[in-house]
Amino acid sequence: MAKLNENFLKLAPSYLFSDIAKKVAAYKEAHPDKRIIRLGIGDVTQPLAPAVIEAMHKAVDEMASADTFRGYGPEQGYDFLRKAILENDFLVRGIPLDMDEIFINDGAKSDTGNIGDILARDNVIGVTDPIYPVYIDSNVMAGRAGDHADGLWTDIVYMPCNGDNDFTPSLPEKKVDVVYLCYPNNPTGTVITRQQLKAWVDYALQNDVLIMYDAAYEAYIQDEGIPHSIYEIEGAKQVAIEFHSFSKTAGFTGTRCGYTVVPKSVKARTSDGERVSLNQIWLRRQCTKFNGTSYITQRGAEAAYTPEGKAQVKATIAYYMENARIMREAFAGMGIKTYGGENAPYIWVQTPHGMTSWEFFDALLQEANVVGTPGVGFGPAGEGYFRFTAFGQKEDCLEAMERVKRWLQG
Ligand SMILES: *Cc1c(COP(=O)(O)O)cnc(C)c1O
């Protein structure tokens, strides 16, 4: 009989969003007349940009004719998209890359989860707490996490983020081989300065650490000085793999496209001590397990880089960031400590009156009919915090803040 990868049994089912859905459904049933405003979802709501739609329609038409039909494309993505990425996301920032260091994928979740395929099981993994759960869970599946105890994994090295350090992680105290960083951060909405990121790159260079850098929200950065890519830091091409996504940038959560940068100079060592470039290894992995993102989707992603596409995407991000401003200022006006929301579509709020994350969730639902996400759902250090997303409608954000004000100050 086939033997199970028992690491999967160690993973508790993720109840966070189903628990939220259950509580909301129960409340709705008891109070059918109330209108609930949802500011919890990590999904965008605005439609694809017109330039993207137009490009995708055109690509569909190409697929409809034998002369222009495309079958399997290159596993690592079409050159037209890799060129647009190279020029618009890297060369303009003074970052030279080779085209074959860019791998198009069907979204950043896949590759942040899959990248562990090319690493040995006995790597020590470092993560922040709170965290985007994919980084940990994919390592649990690979057998790198040990056992689960008190909300933490015994073999994972945690870098706690909390009010004391303004949700900025310190360098790990124990030796790690791989570190996951996400900036701008989901769930806290915090960013990393150039100086702080340089400290991480220097640490990685000195200690032979591989950094997995998730830049899914870089398009939300408003402040000039905040780095959009880890490769803006000297030496990062030696130590970092970077993940990008069109999901939050161009509304591709349902369309699916992203890319991963694996510089040729990033290496991992064999048990004999030989240093091997990861670029070729990742290519080999992709060519075996992935057959490329659809041509239609890649044409859509390419269009996000045209002048019209850029302007349209920028306007959508400005819409979400206005929501973020409304919420950030409303909470600040109520004397509630907030993080994020300035360079990210997330507001991370300290729950008032010392409530736990779930106590605040329940009270907010009952008293204001507003739904958000309990911070503790992203890790134990998130206890006492709460995440609001800026991906909703502006009118809903305004009304939600009015209701919260009436509740907390009424
Ligand atoms: C949304 C998100 C992504 C992107 O996921 P896709 O698979 O590209 O939709 C990646 N990382 C983080 C932290 C995210 O929140």
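Start at 1 and go down the list; that is how both ligands and their atoms are numbered. Just so it is clear, the values below take in all heavy atoms, side chains as well, and ignore hydrogens, waters and symmetry mates.
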Non-hydrogen atoms closer than 4.0 Å to ligand 1: which protein residues do they belong to? List them by chain and number, please. Gly107, Ala108, Lys109, Tyr132, Tyr135, Cys182, Asn186, Asp214, Ala216, Tyr217, Ser245, Ser247, Lys248, Arg256
Indicate whether any N or O donor in one side chain lies under 3.5 Å from an N or O acceptor in the other, for Asp166 and Thr190. no
Is it true that a side-chain atom of Thr154 and a backbone atom of Asp147 form a donor plus acceptor pair closer than 3.5 Å? yes
Expected list for residues 240-248: side-chain donor-acceptor pairs under 3.5 angstrom, two or more places apart:
unit_1, atom_1, unit_2, atom_2, d
Glu242, OE1, Ser229, OG, 3.2
Glu242, OE1, Ile230, N, 2.7
Glu242, OE2, Ser229, OG, 2.9
Glu242, OE2, His244, NE2, 2.6
His244, ND1, Tyr259, OH, 3.1
Ser245, OG, Ser247, N, 2.9
Ser245, OG, Ser247, OG, 3.2
Lys248, NZ, Tyr217, OH, 3.0

Tell me every residue that passes side chain to side chain donor-acceptor pair (under 3.5 Å) with Arg269, counting only those two or more places apart in sequence or in another chain. none
Assess whether a salt bridge exists between Lys58 and Glu54, defined as any Lys/Arg side-chain N lying under 4.0 Å from an Asp/Glu carboxylate O. no
Under 3.5 Å, sequence neighbours excluded: what are the donor-acceptor pairs made by side chains of residues 206-214?
unit_1, atom_1, unit_2, atom_2, d
Asn207, ND2, Tyr203, O, 2.8
Asp208, OD1, Arg275, NH2, 3.0
Asp208, OD2, Arg275, NH1, 3.2
Asp214, OD1, Ala216, N, 3.0
Asp214, OD2, Tyr135, OH, 2.6

